[in-house]
Amino acid sequence: MTVMKTSLRNFFAHKGRMALSAIAVLLSVAFVCGTLVFTDTMSTTFDKLFAATSSDVTVSAKGASDSGETTAGNGKPPVMPASVLGEVRKAQGVKSAEGAVFSTSVTVVDADKDNLSPSSGAPTIVGGWNSNEARTMKITSGAAPKSADQIMVDADTADKHDLKLGDRIGVITAVGTHNAKISGIADFTVTNPGAAIFYLDTKTAQQTLVGESDVYTNVNVTAATGVSDAQLKKNVTAELGGDFQVKTAKETADANQKDVAGFMNVMKYAMLGFAGIAFLVGIFLIINTFSMLVAQRTREIGLMRAIGSSRKQVNRSVLVEALLLGVVGSVLGVGAGVGLAIGLMKLMGQMGMELSTDDLTVAWTTPVVGLVLGVIVTVLAAYLPARRAGKISPMAALRDAGAPADAKAGWIRAAIGTVLTGTGGFALYLASEADKAKAGSMWLGLGIVLSLIGFVVIGPLLAGAVVRVLGAVLLRMFGPVGRMAERNALRNPRRTGATGAALMIGLALVACLSVVGSSMVASATDQLDKTVGTDFIIQSDRSQLVTPQAVEAVKSSPDLAHVTEYKSAQADFTTPDGKTLKDTAITAADPTYATDLRTETVAGKLPDAYKADSMSVPEKFAKDHDVHLGSTIKVAFEDGSAADLTVRAITSSDVVIDAGSMYTSISTLAKYVPADKMPLDSLVFASAKDGRQDAAYTSLKSALHDYPQYIVRDQTDYKDALKDQIGQLLNMIYGLLALAIIVAILGVVNTLALSVVERTREIGLMRAIGLSRRQLRRMIRMESVVIALFGALLGLGLGMGWGATAQQLLALEGLGVLDIPWPTIIGVFIGSAFVGLFAALIPAFRAGRMNVLNAIATE
């Protein structure tokens, strides 16, 4: 009971000093709980949506996707004959059955040819209006489509694009473009995560999406009273046989949920990983807080030991304080996490993914995880300071103002840190020398972990050397005030090392990812310059295939020397070693592709692969399957007949673009695949006549004006798009790392604040002998800056080492250019100085306001 009272008294006596540590715990727990609540809410939203939209039993074509995504190379959804509907209705236990048509391989544009697809990456769905859709949609204005000239749009899309009744919009599919007038607007009765949905009447949907009548993508079946979904599925399957895909509502919902589960899991565990980094940084803050509090209470602890308190009681007293800190921070963090989740939902809404707070899901495990994690991390972080407090000798404490340094422990720490750092450096060296990326990545991971721990352990030793260098460069020019700031930073190397290490972790990851991202862009740009010979690349950023009409528009554009079509087909390969490879991709292109993409060969010439009944294979494939020039591979094309193709070229494995691709000519593909089964183009390449690049670029964009789903890019555009994609990913990662950096800043603030309290008497004496308030504040600010720059130097140096090693592994995959983004590195370093200045504002202000006489009188 005495221990508890003492702990409570100390906790509330130092509540101001505990606040920043509590904030660190709060932020870390909030990130964890916010992530769990946010992802659970997303799961709930999709669960409700899929449950509401799934009929009791759904019948679809064999191999069809539940999401409606086109799986065939013709750009159309898989369909089944309308006669299936009559057969389904004959099955026992069927109350009603209805045919439906829908597709996600579409682009919808307004009258100005502006794309109406969601910016969030959610699908655009066009389908036929039916009673199953009416279960989840309520018509709020106008009427459902009844003729070919009418279309209905969901209310969210109408609001975003200011669409009104009577507006004309166009539906672009592999079949062609269908224009219609908005006849109605329908609102969702469940939360729509962001999809744009358009409805035609069923007959028009069949013609627009598939190009033929009397076909359906699926049949929605409703069970009669008393018939379970499982029994109905059994009855329908018995009636139809095994030629169709039959699923219950639960199976359909589970399959749809599985499609989005991968994305949500990646997001969930990535965010939890960054929360873990924030926790790691917070550990240094908590260790520093309790170490300084213990040092400042040395006399008090000594008195407690002198009047009979045991080591265990002193140890327990500090741990109870940590427990109180963990509980308070974690409880507040759980509440803040729910708020953070709501904030993320609002942010996603701005980006186009609508999530309703009505679906907010807080599982009982979320607060439990937050509380347990926060408390355990806080108590573990306080264990070392608590153990140190328990070792304080009563006599040593009474005759000295602070705990004596343990020189032996310092040497042991330095030795352990040096060994860990050296071992981590050696692991990074082994990673850079690896012959295979998989083996190298294991060494890279080990090297990162060991070098990071090593730098943390050896931090106090490095602090002495690095701070002296920084002091000589930055602080000496400020005269005595600068020298005092340097000595203050060097006074307790362990504290400076721990504070710098907290900032080091976040900045090391920033530097590493910056180097990797910049090297990827530079390597890809280098590959483009070396291998891509075409002037223009035409493709859809939403993976839509290029329609024949769009290809003709490209070919009709003037100023072009040639146009290359590029198709992807599936086939079963029987190789000379007797193995059969199922569903293997093969690329069919025009012969000009050999000049559009300058792919190196290790045997033969690539243009020969485009001769009749010829092909190329990659080097690795050739080695694995005993393939040589002149070898024959039996290729059984999907939806076509089998062909014996002769290998005329073996391409190098040291390529990035189209790595591992096998090539044949479109004329060879057309020989074995019927015209109505031929896949559409995945891409189209175009090269301008000499000196006509600018004119060709303009004419291509004009020719594709009616096809806004396709983007014309020259090589500069393509490089910029690649840079933007990687830049967006890095910016998102930097945003997540910002939490760890914020916690590290709190650590600097806390260290300075406690340091000011620790030096109260010293500050009073300096003020008494003539140090002005301005000079005092400057001294504290400079001390803060040098600590921040110390952490930045360690972090940036370590991160660049990690990034350079990672680039060596990327070089094994063809990304061989190392590019150090010096503007980013220098900017982060300079930014760290401002972080130090910001962190010192409150401690410097408080120090300047101290009463001189009271400060001198402080024990």
Side-chain angles (χ1 to χ4, degrees), residues 60-61 63-65 67-82 99-111 113 115-117 123-130 145-153 168-182 196-218 538-556 565-569 638-639 670 673-684 703-710:
S60 53
S65 165
S67 63
E69 185 177 350
T70 296
T71 55
N74 60 6
K76 303 174 185 178
V79 294
M80 51 192 174
V101 180
F102 76 106
S103 175
T104 58
S105 297
V106 294
T107 298
V108 182
V109 296
D110 61 17
K113 304 296 182 183
N115 202 322
L116 300 179
S117 295
T124 299
I125 304 172
V126 176
W129 178 253
N130 54 54
K146 296 178 181 177
S147 64
D149 191 46
Q150 295 180 340
I151 190 169
M152 186 162 65
V153 60
R168 297 198 70 83
I169 58 178
V171 178
I172 306 172
T173 69
V175 176
T177 301
H178 175 78
N179 294 300
K181 182 173 60 177
I182 296 178
I197 303 183
F198 302 85
Y199 294 106
L200 301 162
D201 68 276
T202 300
K203 185 177 292 187
T204 304
Q206 290 170 328
Q207 289 293 339
T208 301
L209 303 177
V210 187
E212 54 184 300
S213 302
D214 299 327
V215 291
Y216 296 121
T217 55
N218 55 286
I538 298 98
Q539 64 180 143
S540 166
D541 283 351
R542 289 180 167 267
S543 302
Q544 283 185 248
L545 301 175
V546 185
T547 63
Q549 298 91 330
V551 174
E552 288 304 314
V554 171
K555 290 182 176 179
S556 66
E565 297 185 52
Y566 178 103
K567 303 175 185 289
S568 181
E638 185 179 58
D639 297 326
V673 177
D676 62 333
K677 300 291 186 180
M678 277 287 283
L680 299 182
D681 292 319
S682 304
L683 305 166
V684 175
L704 289 172
H705 177 263
D706 290 337
Y707 304 93
Q709 70 270 42
Y710 307 122

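Being a predicted model, the structure only gives us computed values, none of them experimental.
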field: A148: side-chain contact (heavy atoms from CB on, under 4.5 Å) partners, not counting sequence neighbours
entry: H178, T204
- prompt: Would you say K113 has more than 12 foreign heavy atoms packed within less than 6.0 Å of its NZ?
  reply: yes
message: If we ignore hydrogens and angles and just use 3.5 Å, is the side chain of E565 paired with the main-chain N or O of L683 as donor and acceptor?
response: no
message: Under the criterion side-chain contact (heavy atoms from CB on, under 4.5 Å), I'd like the reasoning laid out for I169 against V109: C-alpha separation, chi angles, the key distance, then a yes or no.
response: CA-CA 6 Å; I169 58 178; V109 296; over 6 Å; no
task: Begin from the C-alpha positions of T217 and F102 and carry the test side-chain contact (heavy atoms from CB on, under 4.5 Å) through to its verdict.
output: CA-CA 7 Å; T217 55; F102 76 106; 3.4 Å; yes
- request: Start with the C-alpha gap between V101 and V210, add the side-chain angles, then the distance that decides, and say whether side-chain contact (heavy atoms from CB on, under 4.5 Å) holds.
  value: CA-CA 9 Å; V101 180; V210 187; 4.3 Å; yes
- prompt: Can you tell me if T173 uses its side chain to pair, donor with acceptor, with the backbone of T208 under 3.5 Å?
  reply: yes
- request: List the atom of L209, the atom of V106, and the distance in Å for their closest heavy-atom pair.
  value: CD2-CG1, 3.8 Å
task: Please tell me if the side chains of Q207 and S213 come closer than 4.5 Å, counting only heavy atoms from C-beta onward.
output: yes
- prompt: With sequence neighbours left out, what residues match D110 under side chain to side chain donor-acceptor pair (under 3.5 Å)?
  reply: none
query: Can you name the nearest heavy-atom pair linking S103 to S105, along with the distance?
result: OG-N, 3.1 Å
- request: For A196 and L116, work out which heavy atoms get closest and say how close.
  value: CB-O, 4.1 Å
Check: G128 main-chain N/O paired with N130 side-chain donor or acceptor under 3.5 Å: yes
task: Enter the distance from W129:CH2 to I197:CD1 here, rounded to the nearest 0.5 Å.
output: 10.0 Å
statement: Hits for side-chain contact (heavy atoms from CB on, under 4.5 Å) against T202, two or more places apart or cross-chain, chain-then-number order -> Q206, Y216
task: Using the test side-chain contact (heavy atoms from CB on, under 4.5 Å), find all partners of Q150 that sit at least two apart in sequence or belong to another chain.
output: P145, K146, S147, S183
- request: Could you tell me whether a side-chain N or O of T104 sits under 3.5 Å from a main-chain N or O of T124, the two making a donor and an acceptor?
  value: no
- request: Please round to the nearest 0.5 Å and tell me the distance separating atom OG of S568 and atom CG of L680.
  value: 12.0 Å
task: Could you tell me which residues satisfy salt bridge (Lys or Arg N to Asp or Glu O under 4.0 Å) with D214, sequence neighbours excluded, listed by chain and number?
output: none
task: Indicate whether any N or O donor in one side chain lies under 3.5 Å from an N or O acceptor in the other, for T107 and Q544.
output: yes
task: Check S682 against Q539 and note the closest heavy-atom contact, atom names and distance.
output: O-CB, 4.5 Å
- prompt: So which heavy atom on A703 is nearest to which on A553, and how close?
  reply: CB-O, 3.5 Å
field: Residues that E552 engages under side-chain contact (heavy atoms from CB on, under 4.5 Å), provided they are two or more places apart
entry: K555
- line: Distance col, row K181:NZ vs D149:CG, nearest 0.5 angstrom, shows 6.0 Å
message: So does D639 get a backbone contact from the side chain of K677, meaning a donor-acceptor N/O pair under 3.5 Å?
response: no
field: D201 CG to I151 CD1 distance, which is reported to the nearest 0.5 Å
entry: 10.0 Å
statement: Interatomic distance, OH@Y710 vs NE2@H705, rounded to 0.5 Å, equals 15.5 Å
task: Supply the atom-to-atom distance Y707 OH to T177 OG1, rounded to the nearest 0.5 angstrom.
output: 6.0 Å
query: Which is it for V684 and V551 under the side-chain contact (heavy atoms from CB on, under 4.5 Å) test, yes or no, and what are the steps along the way?
result: CA-CA 7 Å; V684 175; V551 174; 4.0 Å; yes
Distance-minimising heavy-atom pair for S60 and N218: CB-CB, 4.1 Å
